[in-house]
There are 2 protein chains.
Amino acid sequence: MTQQAAHRRASIADVARVAGVSVGTVSNVLNRPERVLPGTRERVEAAIEELSFVRNGSARQLRAGTITTVGAIVLDIANPFFTDVARGIEERLDRDDFTLMVASSDDDPDREQRYLRLFEEHGVQGVMVVPATNDIEHLLAVRRRGTGVVLLDRPSSDPTISSVAVDDVRGGELAATHLLDQGHTRIAFLNGPHTIRQCADRHDGVVKALVAAGLDPASALLEVTVTSLNAEGGEAAIRGLLESGDQPTAVFCVNDLVALGVLRTLRTEGIAVPTDMAVVGYDDVAFAAELSTPLTSVRQPTHELGARAADLLLSGPDAEAEHVMFQPTLVVRSSSSS
Amino acid sequence: MTQQAAHRRASIADVARVAGVSVGTVSNVLNRPERVLPGTRERVEAAIEELSFVRNGSARQLRAGTITTVGAIVLDIANPFFTDVARGIEERLDRDDFTLMVASSDDDPDREQRYLRLFEEHGVQGVMVVPATNDIEHLLAVRRRGTGVVLLDRPSSDPTISSVAVDDVRGGELAATHLLDQGHTRIAFLNGPHTIRQCADRHDGVVKALVAAGLDPASALLEVTVTSLNAEGGEAAIRGLLESGDQPTAVFCVNDLVALGVLRTLRTEGIAVPTDMAVVGYDDVAFAAELSTPLTSVRQPTHELGARAADLLLSGPDAEAEHVMFQPTLVVRSSSSS
DNA sequence: CCACCGTCATGAAACGGTTCATAATGTAGC
DNA sequence: GCTACATTATGAACCGTTTCATGACGGTGG
C-alpha cells in the first residue's frame, strides 16, 4: 500500500554500520553524547548526516515509554474562543518544553472518541478535553488507564478528575439579568444542544434570572436550538425566528459567532439593533467591540483557562485533582443598550 | 519521572493470558476478527474489557509501519484564516478517515522545526506546512526521507514539492490598485516580515501597482513591519505611524486581524474611516463585513485551499507534484470607499 | 608485576505489537 | 480407514530503539 520512497528509512543499525561502531554507541551519541569519545562521536555524527537518519519515534517511545506531548480536543477549532484557549495552553506548555497537538471534535462524540483513542494509543502525557457529551465515563476510563485528563471549559462531575471551567450558569444569568434590566420581558435564546454542558448551564442561568425577576420562563423564554454554533447557524436560527410570529425583543446568543450571524441578518432585514431587537453574545471575542453594532457579550478568561488547564495536566498524575472555576463578566456595548 | 498509575498498562500478552489464548489470536481479534471463532473472540473481548486494554500505538506502528494521520503546521492557530484552512483540510481528510493534528509555529522557525521533527519521527503520512521562512531546504529533506510534504498558502520554489497557494502578488496588487483608484497617492502598508513569503509577495504586488500608476514606490509607499500579526500588532503599528508626522491617507493591512487593531485605534483616536484614512485588510474573515466600518478585504478561498492541500497529500508520495495557485478577489466595503 | 580503577564501547535483552509459516483439529471424499 | 483439505490457533521472528551488565584497555599505585 504505502511504499513511501524507494528504500526504507535508515535505522540506527545502518548508522552503526557506516560509522563502524555498535548500535549502543549510536544511541549514546544521540542521548548522552558526553559519554562517548569526541572522535567516535564525530564519526557517528557524520554517518547520521550521510544517511540523513531520523529517529524512529515509535521505537523510541516503545522502549523509553515517555513522551512530552499533550493533546487537546476542542469542539470547534474555527471558534476563536477555543483557539484563544489553545494559545493559553501553548504558552504554559512552552515553559516545560512540551508540545501541543490540537484536534477538533466538531461536537461529535464519535470524533471525540476517535481522537481520544489516538492520543491515548500514542501515549501522550495527558489530554485536555472539551467534552461533546454530558457523559464523561469514557474520560474516566482514560484516566484510570494512566493518561492525565483535564476537563476544559466544563466543571467536573467527578472529584478525581481535574477541571478548569467558567461559571456558565452565572454567565447565562448575567446576560439575562442585563436584558431584563433593559426592560425586555420576552427573550429568545439561540442555544446549542443541551448535551453540551455549557449550553445546558447557560440555559439554567437564564431561567434563574427570569424566575428571580418574577417571570414565568415558559412564556418569557423562547429557546431555539442552533444546529451549528457559528455564524451560519445563527443566521438560520434568527431567520426561522423572524418568520414565525410572536417575536421576542431580545436575543441572547450562545456565542459571538452565532451573534455575528444574527447581527448580519438583522441588518439585511432592516431590523434596528438595539431598538427593535437587542442582542447579547458570549465569549467577547476580539472583534466584538468593533462590529457595526458593538456587541454586548459575556467575557471569559480564555487565556487563563488554557494556561491553568495545562498547569494542572503538567502537575502530574499523582497530584490532587483540582476544580478551578473562573467567573465570567458582562461587557455591555450598544447592541443591547441605547 | 513518570510513574503514571501504579501498574503498567495491560499488554496484548496479558489479554492472551486472561483469555487463555495466544498473543497471535488476540492480535487477530483486534485486526481480522472474522478469522477467529466467535466463541474465542468473545473470550478475548471479555478479557480486553476486563483489563481495559488499549493498544500501544507505538508498538503497533513500529511493526506495521503505517498510520493514517497527517499533520499541519500553521503560523498562528488563533488566526481565523488558518483555522478556516484547517476546516477545509479536516473535511477532505474525513472522507478517507484520516486524522489531523494541528500545531502552530508562531512564525518561529525553531518551533516549526520542532513540530516537523515530531511529526516525522512519529511517522505521519505527510505534513502540510505554512513555512515560517523563505528557505525550505529542511522541508525538502523531510520529503526526501519519505514523508509527504505540501506547502500551504505558499507557492513552491521546488518542482518536486507540491504546493497550494493563493497569488499573493496579485492580492497586494488588487488592494493597492483599488486604493490608487480611490485617489490615494501615499499608502502605508502594515506588513509582516519579508521572511514570510506571503508578506514579501504582497509587498511586490503593491509596488507593481504603484509603478503601473506611474508613482515612485520610494515615496508613495510607506511600509511598516508589524511585530505580531494580530490586532495588538496592528494597534501598535498604527499608533507608531500616527505619532510620526508625514501621514498617509490609506492603510493596507497584511491581514484582517491587523486591520481590526487599526480600525479600533482610529476610532478611539477620532480619525474617520474612510474619509480621513482608508483601510484595506486581507483574508476577508467572517466578521469583516460586520465591523463598525465594514472592511474592504482581499478574499482568499480558504476552504478550497485546505481541501486541495489535503487532496494532494493523500494522493500519495508517488503522484506527480502539483502546484495549485488560486486567485484572490477584492471585496470592497465602506472602509475604503465612500 | 599485579591488582585495581576509570573510561569507552559492546551486544543482547527488553518494549508491545503484527505477521506468517506451521501445527492441530475437524470434515469430506473415496 | 486413509488422504486431502479447510478452518483456527499457535509461537517465534521481527520492527528500531534504549538500557545495562559486561568486557577491553590503558594508567596508577603499591
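Keep in mind that the numbers below use all heavy atoms, side chains included, and drop hydrogens, waters and symmetry copies. What you see is a predicted model, and the numbers here were worked out from it, not measured in a lab. Every chain is numbered from 1, with letters handed out A, B, ... down the list of sequences.
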N/O (side chain, A:Asn56) to phosphate O (OP1/OP2, D:dT17) under 4.0 Å: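 Answer is no, no contact under 4.0 Å.
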If the helix axis at each end comes from five base pairs, how far does the helix from C:dC1-D:dG30 to C:dC30-D:dG1 deviate from straight, to 10°?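 Inter-axis angle at the ends, rounded: 50°.
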For residues 44-56 of chain B, pull every pair meeting salt bridge (charged side-chain N to carboxylate O under 4.0 Å, His left out), keeping only residues two or more places apart or in separate chains.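 Not a single pair qualifies under salt bridge (charged side-chain N to carboxylate O under 4.0 Å, His left out).
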From [atom1] of [X] over to [atom2] of [N], roughly how many Å is that when rounded to an integer?
X	N	atom1	atom2	answer
A:Leu62	D:dC14	CG	C1'	12 Å
A:Ile12	D:dT17	CD1	P	5 Å
B:Glu121	D:dT18	CD	C1'	14 Å
B:Gln61	D:dC14	CD	C1'	16 Å

Between [Y] and [X], does any NZ, NE, NH1 or NH2 come within less than 4.0 Å of an OD or OE carboxylate oxygen?
X	Y	result
B:Glu34	B:Arg41	no
A:Arg111	B:Glu90	yes
A:Arg87	B:Asp76	yes
A:Arg114	B:Asp97	yes

List the protein contact pattern of nucleotides 4-13 of chain D with one symbol per nucleotide (5' to 3'): B for base contact, S for sugar-phosphate-only contact, - for none; contact means a heavy-atom distance under 4.0 Å. ----SSBB-B
Between A:Asp158 and A:Ser156: side-chain donor-acceptor atoms closer than 3.5 Å: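 No donor-acceptor contact under 3.5 Å links the two side chains.
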Determine whether the side chains of A:Asn31 and A:Ser27 contain a donor N or O and an acceptor N or O closer than 3.5 Å.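 Note: A:Asn31 and A:Ser27 side chains meet the donor-acceptor criterion.
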Find out whether A:His138 and A:Thr133 are in side-chain contact, i.e. whether some heavy atom of one side chain is under 4.5 Å from a heavy atom of the other.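 They are in contact (side-chain heavy atoms under 4.5 Å apart), so the answer is yes.
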A side-chain contact here means heavy atoms from C-beta on lying under 4.5 Å apart; do A:Phe82 and A:Ile77 qualify?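 Not touching, per the 4.5 Å side-chain cut-off.
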Tell me every residue that passes side chain to side chain contact (heavy atoms under 4.5 Å, CB included) with A:Ala13, counting only those two or more places apart in sequence or in another chain.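 In terms of side chain to side chain contact (heavy atoms under 4.5 Å, CB included), with neighbours along the sequence ignored, A:Ala13 is linked to A:Ser11, A:Val23.
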Under 4.0 angstrom, heavy atoms only, what part of the nucleic acid is B:Ser11 near: base, sugar-phosphate, or nothing?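 Here B:Ser11 touches the backbone only, sparing every base.
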Which residues share a salt bridge (charged side-chain N to carboxylate O under 4.0 Å, His left out) with A:Arg117, sequence neighbours left out: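 If we apply the salt bridge (charged side-chain N to carboxylate O under 4.0 Å, His left out) test to A:Arg117, skipping adjacent residues, the hits are A:Glu121.
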DNA chain C: 5'-most and 3'-most nucleotides touching chain B, 4.0 angstrom heavy-atom criterion: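 The protein-touched segment is C:dG16 to C:dT19.
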